[in-house]
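First comes the structure, then the notes that go with it.
Small disclaimer: the values here were computed from a predicted structure and weren't measured. Naming: A, B, ... by sequence-line order, numbering from 1 per chain.
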Amino acid sequence: MTVRTRFAPSPTGYLHVGGARTALFNYLYARKHGGQFVLRIEDTDLERSTPESVNAILEGMTWLALDYDEGPFYQTHRFDRYNAVIDEMMAKGLAYRCNCSRERLDKLREDAMAAKEKPRYDGHCRHQHVSADEPHVIRFKTPMEGSVVIDDLVRGRVVIPNSELDDLIIRRTDGSPTYNLTVVVDDHDMAITHVIRGDDHLNNTPRQIHMYQAMGWELPAFGHVPMILGDDGSRLSKRHGAVSVMQYRDDGYLPEALLNYLVRLGWSHGDQEVFSIDEMVALFDIADVNKSASSFSTEKLQWLNQHYIKASEPTHLARLLSPQFAKFDIDPSDGADLIQVAIAQQERAKTLEEMAEISAFIYHDFDDFEEAAAKKHLRPVAAEPLRAVRDRLASLDDWSPEPLHAVVQTLANEMQLNMGKIAQPLRVAVVGRAASPGIDVTLYLVGKPAALRRIDKALAFIEARAQN
RNA sequence: GCUCCCUUCGUCUAGCGGUUAGGACGCUGGCCUCUCACGUCGGUAACAGGGGUUCGAAUCCCCUAGGGAGCGCCA
């Protein structure tokens, strides 16, 4: 039997990191076992499902390169099939019509709560004859005796007494099927062998198992993975920062970094932290997934992102870096080569957005020197070396890192100064702040005209300051 | 309220009856150094609490506490 897994999001929003991890686990499990990974859109909630959300989810899957072998299948295209199953259940006496009013149901719930019991439908209509002509729902007859055993792939054995369950609605008054019915039909029809999903579904599983059994269908294996919490331990939400997968792309994260981060949330392989997709496929096992929820740490994600930035091809980085400059009103196409910028900065940025930010000086003049940096480095003592280096740079023809380095180094030697005594004032003059790549590369990227222009500005600044 | 699930450094985790409780992020000290960063060497910090079982418990059992989920004509 070949392994088949699925990811089945409901299109009521973007693809968030929790869903992405569930998708990743399903993807890895299928790939590891040479099986198939299916994408299914659970859009039976006509009120809340939107085409925009479907697109957002598809886009997220594409960006993460979680490619699926089949689908996307849409549940709204399968209503005939669901209805056929419900009709079959009716014909076999596995389900019944119910016309209990909302008021009665509400009262039932209230009474149960008041009596400190779990709210459950009381099966009132099980033995009532409800005509097909009047408005009604259809309920599935849940066994009243015994219990259900789930041998969960991550939780282990979970036993739930049937007395905790009730007769759930499988077809609404408007004729549409409900979630618990549609998942069961789909997972069966699509021959899903391993249902890996969030543990918020653990409580639904016994009801679903009953439906499989009533229909005489083979059960898939279930694996319920724990939730992802925010960094304060509460349910992950927008106030924790980005939760949408696409937001991470826009913020300058690499998909391989996000995937690597996500796979380590709840899963591990000894002490290993960095995994390529191939390694994940080879090493992942659903049985090694933890039972407890974990908190999302943006800091650790950033560390991984920087790791992947450092390991990336500069040409690749340059392509991804380019759009980040728009945030700083910069068009990098008319300035230094982005590949050279990527090479110079790839060890200095945690995200591509940060890389663009710290590279802005390469493309346009800054307004003011950063106060602390200017105070420390643009002092009167720096004027002489700055003037000297300016003269030599002005007469330099080959404006590339090696000669630039030679200029600064030689001057330092001649003036018997430490490199820092010249490089730092020069850096602040050209960059506007005290941090940048090596001074030679910095000068090279800024270019000769801008460098000289900015040094002049710094000299004027020092002079103005000396006056006061 | 009821049912189910969970509980090792601040965070992610290793551990699967005998370990100085290991690694990673973060924080932090040193080194490297023209700055920042990278790299590198070190430091900080945990078995939720209480009972058992056992010669011996982070590991097995029970209770308590805390956290989460579910109890929809949502998925």
Side-chain angles (χ1 to χ4, degrees), chain A residues 8-12 42-45 47-49 75 98 100 102 105 109 112-120 135-139 150 152 155-156 158-161 163-166 168-176 178-180 182-183 198-206 224 226-227 229 231 233-235 261 264-274 290-304 306 310 345-350 358 373 376-377 405 408-409 412 417-428 431 433-440 442:
Chain A
S10 59
T12 54
E42 309 217 322
D43 54 353
T44 55
D45 184 347
E47 306 282 306
R48 297 193 295 165
S49 299
Q75 292 195 316
C98 166
C100 287
R102 308 242 183 188
L105 265 20
R109 213 180 338 266
M113 292 285 267
K116 301 187 182 230
E117 281 172 18
K118 184 174 176 173
R120 298 164 55 246
H136 65 274
V137 299
I138 291 183
R139 288 183 185 269
I150 308 167
D152 195 273
R155 301 296 159 137
V158 178
V159 181
I160 286 133
S163 56
E164 290 299 323
L165 276 22
D166 64 358
L168 70 157
I169 292 170
I170 54 177
R171 180 191 282 163
R172 303 185 183 93
T173 306
D174 68 4
S176 62
T178 61
Y179 166 74
N180 279 295
T182 60
V183 253
D199 74 358
D200 46 332
H201 291 284
L202 185 55
N203 287 291
N204 287 322
T205 307
H224 290 93
M227 302 195 11
L229 275 20
D231 51 15
S234 71
R235 187 174 191 144
Y261 178 71
R264 283 284 290 101
L265 227 43
W267 175 80
S268 60
H269 180 73
D271 285 341
Q272 190 170 344
E273 295 287 351
V274 176
N290 278 165
K291 296 176 173 134
S292 51
S294 39
S295 296
F296 194 94
S297 164
T298 303
E299 285 170 345
K300 188 155 185 181
L301 204 212
Q302 286 181 336
W303 171 75
L304 273 167
Q306 180 164 34
K310 283 188 288 181
Q345 300 285 33
Q346 64 181 343
E347 292 191 335
R348 287 167 235 269
K350 289 180 161 62
I358 63 174
K376 184 170 181 188
H377 298 293
H405 183 263
V408 180
Q409 184 71 64
L417 291 169
N418 291 330
M419 262 302 260
K421 287 282 188 283
I422 295 180
Q424 276 309 85
L426 185 53
R427 170 172 285 111
V428 176
V431 179
R433 49 187 178 189
S436 83
I439 193 64
D440 45 2
T442 298

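Remark: the backbone N or O of A:Pro437 is paired with a side-chain donor or acceptor of A:Thr442 at under 3.5 angstrom.
In the set B:G26, B:A69, B:C5, the nucleotide with an atom closest to the side chain of A:Arg155 is B:C5. Checked against B:G39, B:U3, B:C73, the side chain of A:Lys310 finds its nearest nucleotide in B:G39. Taking every side-chain heavy atom of A:Ser292 into account, B:C6 is the closest of B:A75, B:C6, B:G70. Across B:A75, B:C34, B:U3, the shortest atom-to-atom separation from the side chain of A:His201 is found for B:A75. The side chain of A:Met227 lies closest to B:A69 when the candidates are B:C36, B:A69, B:C25. Checking B:C71, B:C73, B:C6 against the side-chain heavy atoms of A:Arg102 singles out B:C73 as nearest. Closest approach to the A:Met113 side chain among B:A75, B:U11, B:G1 is made by B:G1 (side chain taken as heavy atoms from C-beta onward). Nearest nucleotide to the A:Ile439 side chain, out of B:U35, B:C34, B:U13: B:C34.
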Indicate for each nucleotide in nucleotides 40-45 of chain B, in 5' to 3' sequence, whether protein heavy atoms under 4.0 Å reach the base (B), only the sugar-phosphate (S), or nothing (-).
-> ------

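A search for side-chain hydrogen bond (donor to acceptor under 3.5 Å, both in side chains) contacts involving A:His405 returns nothing, not counting sequence neighbours. Looking at residues two or more places apart in sequence or on another chain, you find a side-chain contact (heavy atoms from CB on, under 4.5 Å) between A:Asp45 and A:Glu47, A:Arg48, A:Ser49. Partners of A:Arg433 under the side-chain contact (heavy atoms from CB on, under 4.5 Å) rule, at least two apart in sequence or in another chain, are A:Glu357, A:Ile358, A:Glu370, A:Val431. For the side-chain contact (heavy atoms from CB on, under 4.5 Å) test, residues two or more places apart in sequence or in another chain that qualify with A:Ser163 are A:Pro161.
Across all strands, A:Leu265 comes closer than 4.0 Å only to sugar-phosphate atoms, never to a base (heavy-atom distances). Nucleic acid contact class of A:Asn204 (heavy atoms, under 4.0 Å, all strands): base. Among the atoms of the strands shown, only primed sugar atoms or phosphate atoms (P, OP1, OP2) are found under 4.0 Å from some heavy atom of A:Thr44. A:Gly438 comes within 4.0 angstrom of a nucleotide base, judged by non-hydrogen atoms across all strands.
One finds a side-chain N or O of A:Ser294 lying less than 4.0 angstrom from the OP1 or OP2 phosphate oxygen of B:U13. A sub-4.0 Å separation between OP1 or OP2 of B:A75 and a side-chain N or O of A:Ser49 is absent. Under 4.0 angstrom from either OP1 or OP2 of B:C25 there lies no side-chain N or O belonging to A:Ser297.
For the residue pair A:Asp174 and A:Ser176, a side-chain donor N or O sits within less than 3.5 Å of a side-chain acceptor on the partner. Side chain to side chain, A:Thr44 and A:Thr182 fail the donor-acceptor criterion of an N or O pair below 3.5 Å.
Ring geometry, A:His201 versus A:Tyr179: the interplanar angle falls from 30° to 60°, so the pair is classed tilted.
Positionally, the nearest nucleotide of RNA chain B for A:Glu164 lies more toward the 5' end than for the other of A:Ser268 and A:Glu164.
Pairing for B:C16 is absent, judged as Watson-Crick or G-U wobble with the two contacts each under 3.5 Å.
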List, with names and distances, any nitrogen or oxygen atoms from the protein found under 3.5 Å away from nitrogen or oxygen atoms belonging to nucleotides 22-24 of chain B.
unit_1, atom_1, unit_2, atom_2, d
B:G22, N2, A:Asp271, OD1, 2.9
B:G23, N2, A:Glu273, OE2, 3.0
B:A24, O4', A:Glu273, OE2, 3.2

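The CD1 atom of A:Ile358 sits 14 Å away from the P atom of B:C36 (whole-angstrom rounding). One interatomic measurement links the two molecules: CZ of A:Arg109 to C1' of B:C2, which rounds to 14 Å at whole-angstrom precision.
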